[in-house]
Amino acid sequence: AELKKVGLAVANLQANFFNQIKQSVEAEAKKRGIEVITVDAKGDGPTQVNQIQDLLTQNIGALIYIPAGAAAATVPVKLAKNAGVPVVNVDRNAEGAPGDTFLATDSVASAKNVCDYILKQAGGKGKMVIIHGQKGTTPEVDRSKGCAESLKAYPDVKVVAEQYSNIWGQDEGFQIMQNMLQANPDISIVFAQADALALGAAQAIKVGNPSQKIVLGGFDGDTAALEALGKGVFDVTATQQTQKMGRDAVANAVKLAAGEKVPPVQLMDATLTTKDNVAGFIANHP
Amino acid sequence: MVALDINEQSGPSGGWLKKLSGATGPLIGLLALCIFLSISTDAFLSLRNGLNILDQITVLGIMAVGVTFVILIGGIDLSVGSVLALSMMVMGWTANIAGMPMPVAIGFALVASAASGLVVGLLVTVFRVPAFIATLAMMSAARGVANMITDGQQIVGFPDWFTMLAIDRHFGILTATVFLMLAVVLAAWIFLHFRAEGRMLYAVGGNPEVARLAGINTQVVTIGVYVVSAILAGLAGIVLAARLDSVQPSSGFGYELDTIAAVVIGGTSLSGGAGGIGGTLIGVLIIGVLRNGLNLLNVSPFLQQVIIGVVIVLAVGAETIRRRRA
Amino acid sequence: MVALDINEQSGPSGGWLKKLSGATGPLIGLLALCIFLSISTDAFLSLRNGLNILDQITVLGIMAVGVTFVILIGGIDLSVGSVLALSMMVMGWTANIAGMPMPVAIGFALVASAASGLVVGLLVTVFRVPAFIATLAMMSAARGVANMITDGQQIVGFPDWFTMLAIDRHFGILTATVFLMLAVVLAAWIFLHFRAEGRMLYAVGGNPEVARLAGINTQVVTIGVYVVSAILAGLAGIVLAARLDSVQPSSGFGYELDTIAAVVIGGTSLSGGAGGIGGTLIGVLIIGVLRNGLNLLNVSPFLQQVIIGVVIVLAVGAETIRRRRA
Amino acid sequence: MTEPVLSLRGISKRYGPLQVLKNVSLDVYPGEVVALLGENGAGKSTLSGIIAGSRTPSEGSMTWLGQNYAPATPREAIDKGVVLIHQELQLLPQLSIAENVFIGRWPMKNGVIDRGQMVRRAQEQLSRLNLHIPATRKVAGLSTASQQLIEIAKALALNARLLILDEPTAALGGTETEALFEQVRKLRSEGVGIIYISHRMDEIKRITDRIVVLRDGERVQEFADSATPVRTIVESMVGRSLDRLFPALPQPTDRPVLQVSGLTSPEGSFRDITFEVHAGEILGIAGLIGAGRTELVRAISGADPISAGSIRLEGEEIRLRSPKDAIAKGIVMVPEDRKDQGLVVDHRIGENIVYANLDKLSGKWITARAKQRLAQKAVVKFGVKGRAEQHASDLSGGNQQKVVIAKWLMRDPKVVVLDEPTRGIDVGARAGIYDIIVNLAKQGVAVIVVSSDLEEVLGVSNRILVLAQGKQAGILSREEANDVSVMELATI
Ligand SMILES: Nc1ncnc2c1ncn2[C@@H]1O[C@H](COP(=O)(O)OP(=O)(O)OP(=O)(O)O)[C@@H](O)[C@H]1O
Ligand SMILES: Nc1ncnc2c1ncn2[C@@H]1O[C@H](COP(=O)(O)OP(=O)(O)OP(=O)(O)O)[C@@H](O)[C@H]1O
Ligand SMILES: [Mg+2]
Ligand SMILES: [Mg+2]
């Protein structure tokens, strides 16, 4: 059937990454003349189940589902399938109840790229700290895994401290970094698992004003962060292709609604972004 | 002669409406909301959507009953969201990691919840820590323990019969979890109205010193109320686990304010001694219907936050204006 | 003449400690915490870390002053976190999108904050909406508006002089923002102790009816207090913007409970009429030192939550036990 | 004659359907003390409130020094020099005495509060009333009597031209009352107009120049001469003849019900108290304010702990850890402060009566009808002017007090303790309460009555225990007891 109405369940609009996807989905759908109903779970899984119930009540033709909570819940997909509505999972997928297709960044590989870059920049040695995302969440686990792989090749780099954020927030990044610098004044490498954390950490470094150069890597490619990267506030990030994700999500929803077959997993790269190539991304976010 | 246990707030006359203890304003608000939504969206006024709303308020409804008790005695409970998470994680761990049968796991979860309620109750009565602080501390601590059980990981996959409790609509209407919520509400209403122990809550909330001099053991009442509130939060956690077929330690974050809002919108006074379960049910429904309706109306998420704020004020402010007129 | 009251003879004596109005327990807790951290980590006891802690508590400290006023008059303010975000977004939008000069942007931000405080104040006084509900509604609505300003996007990059306010340590010690916080605290302390308007807050919080009969305009006092609390929350937002060199609508989420906790830990009574700024400063420091220390000790985040809960209870419970002994 | 300071013309006040004041007119001249008398609920406090700007009249007008006068807020009235000492204490317990005395009008210097001056001037006011407490002390924890004196000091500090005292002596003992009267006389000689409200007839006769009687909100009579016989005044107040205040006491049995020996409180507010009360006996407890009477009876009824001594009930030693224990054993107390300890004032009368009887209903279903029956029975039996479903806060003080007594007597107790049972209660209702007390004794109950009103203790007691500064000064039999012998013991 032709897709007239699509439901978009967002995990948390307060996170720039999700907000970009949302805007891209809405833009793409508008172009195609499809109505989008957007709901925001504010990070709460149960709220999202409620919202998906409400979406299904409105006879949507397909569901674009960005799961909230530490990991994806299975129930929304089950509910949608029961109602005969195809599901496009974005960013996270639930074991046991996957969506009809799954669009995501290959977080492990991209995190490895970021860490490779900062470790090389630092000359392959020195003291490193990691500012993790919210402990136990899929992105946190994957990005930790990718960076750990990279670290294997650099035995001279010593990870001296690791701290976790609760809401991936900028002020958390600031505070954590400030305390880390306090405890270990001689660190030279920082991996912050999200751009917001990296921006906070960069500010803390600016405030602390250490004598050595500190290489700082982030992740996500948030719009604001890319601008900061261009100004040299921090060194590298992995730009996730949020615009493409949004466009692809709509395209896949249209195909699924028409009964076409699509691959169950579609991973895309996050492009390693530095001062050299950032201009293009700022002008035109992928 | 007029019945005695009519509402605690206004005049002596009046029928069943008065049983709602000062919640007439919110009730009018709820009805207005429903009428508005029925007219402006097709999807709202249908059996299916009604049942959805009931499903959606079970967790809030069960917690709100416990919090009503707490607020009636003049206390406050900020720990319910965290205790809910603790209960979920204890249940998940016992069932899926320790491998014990579900009923045992549920039992453990409720015991863990009761224990946190007991700690709060003792802090409030014996150590005279203000309830706000004691439950705020428990909110932090219970969340920490919930996280530590699996190092922040979720646990997925429970027996089919368990998840079916939240899905199977018996007689095509009520799921077991909705039925459970209704039973809890009814039991609480009967308890508050017709049992001596229930009236004790009003006495303690009205004036603890008067209650103590009247031979009521206020400490036992207080501890009991916090334990019951925690057990109901734990029960809500189990319902949520059935609904999500998974448990995760970040569940229930921020629920405490939602729950208190529902109770207060329903006319229970934060200073204690006045209010009741009928009002709380209305408060819970207002929040449930509002969220459902805003989604059906396709209101943008950010605008939803503004509207929710406005409606909450209207629901409570209407009651004031109604009373001033009277 | 027979002496009237034995206990009433205990005199006016007692030194500066008394000025902390019930915060002696928390003060002891703070000292104990500092001693423990000095022994167990090298990094804690240094000028630089001390200054870091001061930096880290500026936002909380400024907000806590306003919330102290609110709690002193027997109210509560759950909207400060959202008002902070609203102020940030108004400032960011005015400066970077509308392109006006920074001082104008800051002015607009403070006016927007004051307006939300005014709305809360009017709801509480004229429409008799309980403060808990009025500020809860404002918490939701202000957050929604903050989000709508840029459709949820953050705004990055302010003039250098602005961000330097949070970075430049004048005389090698205090940044302008820390200085601002200290100035706010001092001004509030003087206001509460020495100005008639300050004492009115105690009167209104102690018993609004008594205050009214004594000729105090309780409505004006109440509205004024909510406006000041909102302005200070807005000011905290500007400080946070300088500190982060960016603004985002999700800022300040959950700060309301932290702030209230700091105030109550500092000995200000939630029922109003007792407490003060000295205690609030101690409460803010306890929270700041605790977070800093737990990070320096590299305690896992989950265990941190448990420890924070326990320390909060100990800080407040110690005061109770101290009083019982006395 | 000079101009009146204040004239009321046709003042009426309605609360919904309830007409509280009907067409009341009154003139007050400078330098006179007008007594405003009436039963509980006659409208005295309402009228005071209207004059002082805390309530607005439904009809009628007032003039102040010949000018039209319609204060919208208490502030306006205070600024004109109209000062009301409220019947209920209006103090802020968390603030110092000095700050309370000057509340809202703290002396300022250079934009800040002049604490030195404030404390000094407050201290002066306190010493005028013979109250020797540092003005820097917090009000919290002071005895009711001290608080009442501070309330008076607050008014004295205002330089009033019209002072209204609404039952200022209800919580005061003899010496404090004297100090107050001295100040009243002084103000009168300075030309201040004074309205004096009290239920104590002896005071009225001593201090007032003119008596105005209100009944059911109407001004029924005026006595220009304070030498009018009390009986005449009382008859005009209650609208019927009242032949006697105190009923005849029954002969007590010789069966001891309550035996107290060596009772001592942990804080030392009473020490080594030994007495017994027999079935059918009324034991009065007298003493100056602060003598420890309230503490003693609170300990006997389980509200406060004891550090030494024993209590025996019908020969058996009992240990009381809480009021609950005492109530279960049949010892009940009517506390001295009905608003803070006796009633949940925001709740219904019926609920309040039920609260004291919950243990009897515990484990059973409380039906509306059962509650209603219990409450209505109590209301009727003790002559409460009100219905079970009314809120306690809507009743006058006397009727509230009857509710407190009623809620306990529904339990058929063995020992009844009444602490200041007629504080703030009119003569008519007072006689009713004395009847209740004596009837209890007739039924074989052991009764203890604590009172600061000497006439009252002498009138209803078979024997009187006198306390002085926490120590037992002696026990007087009915024959030995008179005002002189009691006061001698009390001031040891
Ligand atoms: N706010 C109110 N609403 C309704 N009725 C009221 C209110 N305030 C007072 N009343 C009623 O008005 C009447 C007069 O009360 P008031 O307090 O003036 O009596 P009073 O003469 O001072 O009695 P007392 O000697 O007990 O102090 C009483 O019947 C009381 O119940
Ligand atoms: N809440 C309290 N805190 C501290 N001291 C108190 C308190 N209540 C009473 N006291 C003190 O205990 C002593 C005994 O007071 P108590 O009230 O027993 O006297 P009383 O003889 O009953 O006088 P009254 O007529 O005022 O009730 C007094 O010195 C009083 O100040
Ligand atoms: Mg009166
Ligand atoms: Mg006494």
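A note on names: the letters A, B, ... follow the listed sequences, proteins ahead of strands, and every chain is numbered from 1.
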J.: If I measure from the heavy atoms of chain A, does C:Ser46 come under 4.5 Å with its side chain, its backbone, both, or neither?
T.: side chain
J.: So with a 6.0 Å cut-off around CG of C:Asp168, is the heavy-atom count from everything else above 12?
T.: yes
J.: When heavy-atom pairs shorter than 4.5 Å are enumerated against chain C, which of A:Lys206, A:Gln170, A:Lys22 gives the highest number?
T.: A:Gln170
J.: Please output the residues of residues 190-204 of chain A in contact with chain C, using a heavy-atom cutoff of under 4.5 Å, in numerical order.
T.: A:Leu199, A:Gln203
J.: Would you find more than 12 non-hydrogen atoms of other residues, nucleotides or ligands less than 6.0 Å from C:Phe108 atom CZ?
T.: no
J.: Is there a side chain to side chain contact (heavy atoms under 4.5 Å, CB included) between A:Val160 and A:Met128 once you walk through the steps?
T.: CA-CA 6 Å; A:Val160 291; A:Met128 177 179 181; over 6 Å; no
J.: For C:Phe162, I'd like to know if atom CZ has over 12 heavy atoms of other residues, nucleotides or ligands within 6.0 Å.
T.: yes
J.: As a quick check of understanding, evaluate salt bridge (charged side-chain N to carboxylate O under 4.0 Å, His left out) for A:Glu26 and A:Lys30, giving each step before the final call.
T.: CA-CA 6 Å; A:Glu26 286 176 347; A:Lys30 196 171 174 200; over 6 Å; no
J.: Between A:Lys213 and A:Asp235, is the salt bridge (charged side-chain N to carboxylate O under 4.0 Å, His left out) condition met? List the steps.
T.: CA-CA 11 Å; A:Lys213 156 87 181 143; A:Asp235 300 291; 3.3 Å; yes
J.: Strictly below 4.0 Å, N to O, side chains only: are A:Arg32 and A:Glu28 in salt-bridge contact?
T.: yes
J.: What part of C:Asp151 gets within 4.5 angstrom of chain A, counting heavy atoms only: side chain, backbone, both, or neither?
T.: both
J.: Of the non-hydrogen atoms in C:Ile286 and C:Ala315, which two are nearest, and what is the gap between them?
T.: CD1-CB, 4.1 Å
J.: Heavy atoms under 4.5 Å from chain A: which residues of residues 302-312 of chain C carry them?
T.: C:Phe302, C:Gln304
J.: Measure distances from C:Asn147 to the heavy atoms of chain A and classify the residue's part below 4.5 Å as side chain, backbone, both or neither.
T.: side chain
J.: Among residues 241-248 of chain C, which residues come closer than 4.5 Å to chain A, judged by heavy atom distances?
T.: C:Ala242, C:Arg243, C:Leu244, C:Asp245, C:Ser246, C:Gln248
J.: Using a 4.5 angstrom heavy-atom cutoff, name the option from A:Asp222, A:Asn179, A:Thr223 with the most pairs to chain C.
T.: A:Asn179
J.: Quick one: does C:Gln153's side chain get under 4.5 Å of C:Pro249's, heavy atoms only?
T.: no
J.: Kindly indicate, with the supporting measurements, whether the criterion side-chain hydrogen bond (donor to acceptor under 3.5 Å, both in side chains) is fulfilled by C:Gln154 and A:Asn16.
T.: CA-CA 8 Å; C:Gln154 58 177 351; A:Asn16 184 268; 5.8 Å; no
J.: Under 3.5 Å, is there a donor-acceptor pair between the side chain of A:Asn277 and the main chain of A:Leu272?
T.: yes
J.: Looking at every heavy atom in both A:Glu140 and A:Gln134, which two are closest together, and how far apart are they?
T.: CB-O, 3.3 Å
J.: Once you round to the nearest 0.5 Å, how far does CE of C:Met139 lie from CG of C:Asp77?
T.: 11.0 Å
J.: Are any of the side-chain nitrogens in A:Arg143 or A:Asp220 under 4.0 Å away from the carboxylate oxygens of its partner?
T.: yes
J.: Name the member of C:Val59, C:Leu296, C:Val156, C:Asn49 that forms the most heavy-atom pairs with chain A at distances under 4.5 Å.
T.: C:Asn49
J.: Considering residues at least two apart in sequence or located in another chain, which fulfil the side chain to side chain contact (heavy atoms under 4.5 Å, CB included) criterion with C:Phe36?
T.: C:Ser40, C:Leu297
